[in-house]
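Every chain is numbered from 1, with letters handed out A, B, ... down the list of sequences. Note that these values count all heavy atoms, side chains included, but never hydrogens, waters or copies made by symmetry.
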Amino acid sequence: MKEVRVRFAPSPTGPLHIGGVRTALYNYLFARLHHGKFLLRIEDTDQSRFVPGAEEYIIEALNWCGIHYDEGVGKGGPYAPYRQSERKEIYKQYAEQLITEGKAYYAFDTPEDLDKMRERIKDKGNAMAQYDAFTRGQMVNSLTLSALETQQRLNSGEPYVIRILIPENEEIVVNDLIRGKVMVDSSRLDDKVLFKSDGMPTYHLANIVDDHLMKISHVIRGEEWLPSAPLHILLYNYFGWEPPVFAHLPLLLKPDGNGKLSKRDGDRLGFPVFPLRWTDPSTGEVSSGYREAGYLPEAFINMLALLGWNPGTEQEIFSMQELIQAFSMEKVGKSGSKFDPEKAKWFNHFYLSQ
RNA sequence: GGUCCGUUCGUCUAACGGUUAGGACGCCAGGUUUUCAUCCUGGUAAUAGGGGUUCGAUUCCCCUACGGACUACCA
């Protein structure tokens, strides 16, 4: 059997929230259960959203939780570097390879051009405004420009992006460990930007390239990524690489009302949504953390593990070792879980009295 | 709007065609505790709705409703 290699790949755009911690935890449990490797990769391809201290926070939080990684930022490993900003040179050649093979193209449209196109489509009563087979022919790109003009624009240093060329009417199948077969018609996808005008790759390109280069066997991530999984599969196909096995985890929801759990809910309902206290470097705003609120990491992890997964027995108290042994992706639920601060308190109370 | 995912007590969930639908949190009641908390005991409460399939549906299929995610040169 192929070696299990999984990764947790957060963006350093702020403190890691409990949903992220749970994703890291499930990756860790899965890796340990299969005697594989768990790595930490920092996806900092958006320089405009970089937040100082966020990366350090993520590492400290994982440490406090007892979620130890084998390779990654701050630790090194055979596939270093593990910070995407330091791997910048790697990505462009892959994007260009796709262009050479006719699977991607240069686009010179300005943000204003894109806005205009979207408005135009909206006015026509069509709600979906995508850069796709229906619109790409009207835009400024290497598909509509002559080879000579494209080359001239490139040579003159005009800003450009590289977009994937999505095929028409191709059924893409995502085989998900949690959701089963998910089928999507490629015509629904849009020509996503793979390489940005600032010289950095987008998430989609960097993620696929790195997962392949780092020999990731299973991609275990939040459900918010399910809609882009077909694009990722297509990218693996384009490169001729074997895709990893996917597992999209259900989301953590607000305790009351509806929607994804957010930082605001913690402030509003009076419970931490972060493992450790965080002070926003730009506003000075402080967000509470479980560690500072007196929670034991064992209680915090135990509580998180049971949010979206269950052992199939009536056991509720688990040490990290027990979690590793009991964990199974088949037992991960399909629906989102509302976070319950009361249950979190109960777990901590239990561990505190031990 | 479109695409995709989902739906068992208030909440987290078990039951992978046959159970009095189980457990935990919360809540309520009683007991213990000098008091509060703890702790113990008991109780409360659910298969979204409608069609099928089947001898039999929580479980399989379809429709509806509801919820969620995504729909950026963000991840």
Please give the distance between the C1' atoms of B/rA14 and B/rG52 as a whole number of Å. 27 Å

Between B/rU44 and B/rG23, how far apart are the two P atoms, rounded to whole Å? 11 Å

Base, sugar-phosphate, or nothing for A/His248, non-hydrogen atoms under 4.0 angstrom? nothing

Measure centre to centre between the rings of A/His212 and A/Phe239, then say whether the value is under 6.0 Å. no

How far, in whole Å, is B/rC28 from B/rU38 if one measures between their P atoms? 12 Å

Identity of whatever pairs with B/rC27 - Watson-Crick or G-U, under 3.5 angstrom: B/rG43

I'd like the C1' distance from B/rA65 over to B/rA24, given in whole Å. 30 Å

Using a heavy-atom cut-off of 4.0 Å across all strands, would you classify A/Lys331 as base, sugar-phosphate, or nothing? sugar-phosphate

CZ (A/Phe134) with more than 12 external heavy atoms under 6.0 Å: no

With rounding to the closest Å, how many angstrom separate the C1' atoms on B/rG68 and B/rA48? 16 Å

Do A/Phe327 and A/Trp309 have their ring centres less than 6.0 Å from each other? yes

Pair A/Trp64 and A/Tyr295, ring centroids less than 6.0 Å apart: no

With rounding to whole Å, what would you report as the distance between B/rG49 and B/rG10 at their P atoms? 13 Å

